[in-house]
Each structure stands twice: as C-alpha cells, then as structure tokens.
Amino acid sequence: MDRILVTEKIAAEGLEVLRQAAEVDVRLDLDKAALLEIVGGYDALVVRSATRVTAEVIDAGTRLRVIGRAGTGVDNIDVNAATRRGIVVVNAPASNNVAVAELTIGLLIGLARSIPQAHVSLQSGKWERNRFVGWEVRGKTLGLVGLGRIGSEVAVRARAMAMHVLAYDPVVSLDRATQLGVELVTMEELLQRSDVVSLHVPLVESTRQLIDTARLAQMKRGAYLINASRGGVVDEQALLAAIDSGHLAGAALDVYSQEPPPADAPIIHHPKIITVPHIGASTAEAQTSAGTEMAEGVVTALSGATPRYAVNAPFVAPEAWSVLQPYLSLARQMGRLINQLIHSPVRGYDLELRGELADVDTQPVRLAVIQGLLEAVSVERVTPVNAPLIARERGMRVTERTDPDAESYTGLLVVRVEATDGEHLFWGTVLRGEPHIVRADGYFVDFIPQGSLLFTYHRDRPGMIGRVGTILGGADVNISGMYVGRLAPREHAMMVLTLDEPASDEVLAQIRALEGIEQAYSVNL
Ligand code: NAD
C-alpha cells in the first residue's frame with residue numbers, strides 16, 4: 001500500500017479521501033532535519049504553505065511520486081526539482097473561486113446600499129434613513145478586469161442580478177464570454193462604460209499598479225472600484241485622490257499594497273471606502289475544498305493517471321526531445337509575442353506545424369504556444385501539464401494541422417490568430433539552433449525573439465527609421481538590431497527593434513506621436 005506523509009493541517013474531508021487510498025501519517029511536528037530523515041519512506045507528500053519542499057527534500061524523497069499542495073500557490077515547492085525527478089505536483093487552484101466571487105458581490109451590494117456605513121450609524125445611536133438612499137444594481141454596468149476563474153464566477157452572479165457585464169481579458173475568447181453573457185471590450189471601453197469596475201487579475205509585472213491616475217481618470221464620473229484581487233494592482237494614493245476629488249463615488253477593498261496596512265492608513269479610514277481584511281477565500285467551504293481537491297489529485301497521480309490540477313510536466317519523450325527542444329522555446333516565445341502584440345479580442349488560434357515539425361509528436365509544440373500565450377497573464381505557474389486546462393477554462397480555441405512542406409525552411413511553425421480586427425499571421429523557425437521569427441503580423445522580418453523589443457506599425461516613407469532612432473537615442477536606449485518589413489513601397493510597414501533596455505512609456509508615447517506612426521508597442525520576451 002502507498003504511504004502518504006501529511007506535514008500540515010488539512011481539512012478532515014481531504015484526509016478521508018487520502019485514507020481511502022493509502023496509509024496516511026499526519027506529522028505536524030517535523031522540523032527540516034526530521035522531514036529529511038523520514039521523507040524517503042513515502043510515496044506522496046502533502047503540505048500547505050509552511051513546509052518548504054526544497055530540492056534537498058525532494059532528493060531525499062527517493063520514493064516520492066506526487067507532492068500535494070492544499071491551496072493555490074506552489075511558491076514553497078521547488079517544482080523544477082520535482083519535475084526533473086518525474087514527481088507530479090498537484091494543487092487546488094479552483095477551491096477559492098466561489099468564496100472570492102461571493103465576497104465581491106457582497107462588496108458590490110455594500111457599496112450600492114452603504115451597508116457598513118449604515119450599520120455603524122445605527123450602532124452609534126442614530127436613525128438616518130434619509131442619509132442612506134442607495135442605488136439598485138439591476139441594469140447597471142459592471143466591468144470585470146480579468147475574466148479567469150474568479151472573474152467568471154462574478155460574471156454569472158452579476159448577470160443573475162440583471163446587471164450588464166463587460167470584461168477585458170487578453171486571452172479569453174469571444175465564445176467563452178458570450179457563453180457567460182459577457183460583452184468583451186477593450187480596457188479603455190470598459191473603464192469608460194462601467195458603473196462599477198471590479199478587478200480579478202493576477203499580480204504580475206504587467207498588472208502592477210494597473211489602476212493608476214490615468215486609468216482612474218478614464219473611469220466614469222461617479223463610478224466605483226472593487227478590488228479583491230491583489231493590493232499591488234491598484235495605486236492606492238491615486239485611488240484616494242480620485243475619490244476625494246469627487247471623480248469616483250467610492251471603492252471596496254479586500255486587499256492592500258501592504259498587508260496588514262498600517263493602523264492609521266488613510267485607505268482604511270476613508271468614509272467612502274469599504275474595507276475588509278483579505279477575507280476573500282475565508283469560507284469553510286473553500287478550506288474544505290482546498291483539502292479534497294488536492295487529495296483527489298494526489299490519489300489520481302498515485303494511481304498513475306493524470307490528475308486534473310497538475311502543475312508540472314514530468315514526462316517528455318526522450319526520442320523526440322532533440323528535434324523538438326528548440327521549437328518548444330520558439331513556440332513559447334511566439335505565444336508571448338502574440339499575447340503582447342495583438343490587442344483585439346481573439347476568436348481562435350490556428351497552428352501549422354510544417355517540415356521536420358510535421359513528423360514529430362505535435363502536442364508539446366501546441367502546449368508550448370498555449371503556455372506562452374498564457375504565462376504573462378496567469379496567477380498560477382503555467383506548464384505544459386496545466387496549460388490545456390487553463391486554455392479550456394478560458395475557452396481558447398487552438399487548432400493544429402501538419403504539412404510536410406515548409407517553404408525554404410527545415411521546419412516552420414505558423415500561428416494564425418483570428419481576431420475581431422482580422423487575421424494576424426506569424427511564422428517562426430529554427431536557424432543554427434536558435435529560434436527566429438521570420439514573419440510578424442504578416443510582415444516578413446527576421447529576428448531572435450528574446451529580451452526587450454519595440455514594434456512600430458507605420459507608413460513606409462523616408463526618415464521614419466531615423467526619427468524613431470533619434471527618440472530612442474535621446475532617451476539613452478541602445479538599439480542592438482533593426483528589421484523592417486513592408487507590404488509595398490510607401491505602404492504599410494513594420495519596424496522591429498531589439499533593444500538593450502526596455503523603452504519607457506514616455507518614449508513609447510513620443511514614438512506614437514510621430515507623424516506616420518500608426519501604432520507602437522513595447523514587447524518583453
Ligand atoms: P485566473 O488566473 O483564473 O484569472 C486571471 C485572469 O486575468 C486571466 O484570465 C488572465 O488572462 C487575466 N488577465 C491577466 N492580465 C490581465 C490584464 N492586464 N488585464 C485584464 N485581464 C488580465 O486567476 P483567479 O483565480 O481568477 O484569481 C484572480 C485574482 O484573485 C488573483 O490576483 C488572485 O491572486 C486573487 N485572489 C484573491 C483572493 C482573496 O482572498 N481576495 C483569493 C484568491 C485569489
């Protein structure tokens with residue numbers, strides 16, 4: 001019988017699932033040395049967030065086949081070390097969704113009816129019925145920034161309250177949004193049209209201080225902001241200023257840039273801001289399901305099957321590795337590039353694996369493209385094991401076909417993005433062992449997709465390249481390479497610059513302001 005070591009307290013229901021399948025030892029008293037000493041006797045290790053499952057622990061766990069994490073993040077587990085050893089890491093990423101979504105709805109109604117303020121008023125001996133005249137959520141527009149697991153649960157509940165729901169999410173498909181009764185729009189349109197904006201994005205580089213002075217100013221006058229995602233997504237000073245100036249009517253927060261916030265922080269004492277102490281996931285049900293979801297994963301993995309929520313990819317066929325390996329990094333970089341270059345809602349992605357790629361197992365390449373498309377915009381670690389699941393949840397449509405003909409290349413990966421503003425075509429290949437993008441959004445170019453890049457869409461005319469170069473030079477940004485592709489002389493053209501350091505927002509704004517520049521994007525790969 002398999003043996004499972006549990007080093008932290010998990011829900012009784014979860015333990016029960018484990019006990020049905022294996023012999024379970026719950027040892028809450030282990031320090032690092034004791035864990036190292038006994039882990040070698042177990043087939044599975046189950047932790048929450050306190051146990052540090054380092055490479056050393058994993059190496060000592062010579063029998064380990066699975067590590068279970070009762071909860072979402074896997075920061076305390078060295079997933080790479082586990083992957084190298086072929087150990088499956090499972091977690092419970094869906095367990096919080098409903099809890100956070102329900103809190104969000106609570107905060108929404110709290111804002112509409114000033115429930116916390118009315119409660120405090122009555123407790124202080126007043127009876128202020130006229131002060132607390134609220135508004136109905138029915139018929140109002142809710143804008144969801146992020147339509148992932150939690151955002152979609154909020155959408156369903158808001159629709160049930162007869163709200164009109166808008167969302168901005170760079171990877172969710174129109175089909176998925178339609179299914180949820182949600183109108184997919186650009187970020188700008190969402191801010192301008194929503195009566196209430198609610199944030200459900202991960203805290204990653206691109207979402208840090210996403211809601212800043214400029215974005216708050218784009219919101220409707222009298223609108224409200226809800227944040228139950230991560231504190232760092234909102235510039236709190238800018239939020240206070242927007243409320244004090246009367247531009248926003250109020251806000252509701254579960255999360256803060258610093259947790260706990262200082263006792264005298266203005267953000268928690270403002271009369272128009274409802275605050276709760278990061279309780280989004282704190283329900284009995286969420287805690288139970290973190291235990292059971294993880295335990296089911298552990299049992300499935302012990303039986304040799306693929307669990308629903310596996311974080312890593314323990315299996316790579318060694319024969320295919322030498323051909324595939326350079327294409328996997330190409331595929332992933334192409335996904336990341338496309339994610340940052342295409343800004344319209346996407347209907348689907350069609351892949352063509354051509355030339356030598358047509359002869360190998362195509363699945364890893366498809367997964368690597370999906371991984372690249374998702375990884376900049378997901379909270380959890382995206383790996384080839386969980387990428388298909390996350391993609392399915394977002395309703396991403398990815399089709400693939402093979403073709404032995406690869407033009408003049410040995411192998412060619414073609415990604416065709418079908419978006420609301422038309423088709424965008426990308427070609428990638430491997431030259432001398434290095435990935436190259438040879439067609440970007442239709443334009444023939446040739447560059448290595450890595451580091452900081454700048455893309456312009458412009459009118460081909462004399463002096464264009466010089467003017468962009470002058471602005472970058474003026475900002476002390478060094479250009480390491482430059483590639484121009486055009487459709488015809490003096491027609492639409494694309495310039496790709498590889499940079500030694502990223503172009504700042506100011507530099508980008510100056511370039512966008514140049515006559516003849518239609519669009520400019522900074523891309524980090
Ligand atoms: P998820 O990964 O399922 O969904 C996040 C979505 O945001 C993805 O679909 C992604 O494409 C989208 N996204 C990424 N960058 C974006 C951007 N710039 N603009 C618009 N959309 C963008 O994550 P989830 O499980 O739904 O979690 C959402 C947030 O809630 C995370 O920040 C998570 O940490 C937080 N959370 C909070 C609590 C709490 O107690 N308050 C509990 C659990 C999770």
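Position 1 is the first residue of the sequence, and the numbers go up from there. Both counts, for ligands and for their atoms, begin at 1 and track the order of listing.
- L472 is listed as a side-chain neighbour of L497, based on a closest heavy-atom distance under 4.5 Å.
- Scanning A281, S95, G148 for the heavy atom closest to atom 4 (O) of ligand 1 points to G148.
- If you number the atoms of ligand 1 from 1 as listed, the ones under 4.0 Å from a heavy atom of G280 come out as 39 (C), 40 (O), 41 (N).
- Comment: R176 does not engage E393 in a salt bridge, judged by the lack of any side-chain N to carboxylate O separation of less than 4.0 angstrom.
- Proximity annotation for atom 15 (N) of ligand 1: of V204, D169, T207, N227, T207 comes nearest, heavy atoms only.
- Remark: ligand 1 and V201 share an N or O pair separated by less than 3.5 Å (distance only, no angle test).
- Residue-level proximity to ligand 1 for M187 is absent, since no heavy atom of it falls below 4.0 angstrom.
- Residue pairs meeting the ring-ring contact (aromatic ring centres under 6.0 Å, His included) criterion with at least one partner in residues 153-195, sequence neighbours excluded, are absent.
- Contact check for E102 versus E153: no side-chain heavy atoms found under the 4.5 Å cut-off.
- Between R149 and ligand 1, at least one pair of N/O atoms sits closer than 3.5 Å.
- The distance from atom OG1 of T275 to atom CD1 of I267, rounded to the nearest 0.5 Å, is 9.0 Å.
- Backbone and side-chain nitrogen or oxygen atoms of S206 are examined, and none is located within less than 3.5 angstrom of a nitrogen or oxygen of ligand 1.
- A228 counts as a contact of ligand 1, since one of its heavy atoms falls under 4.0 Å from the ligand.
- When only interatomic distances are considered, the shortest N/O to N/O separation between V255 and ligand 1 does not fall below 3.5 Å.
- If you look at E393 next to ligand 1, there are no close heavy atoms at all, none under 4.0 Å.
- Taking distance alone, with nitrogen or oxygen atoms compared against 3.5 Å, D254 approaches ligand 1 more closely than that limit.
- Inclusion of H278 in the set of residues having an N or O under 3.5 Å from an N or O of ligand 1 is warranted.
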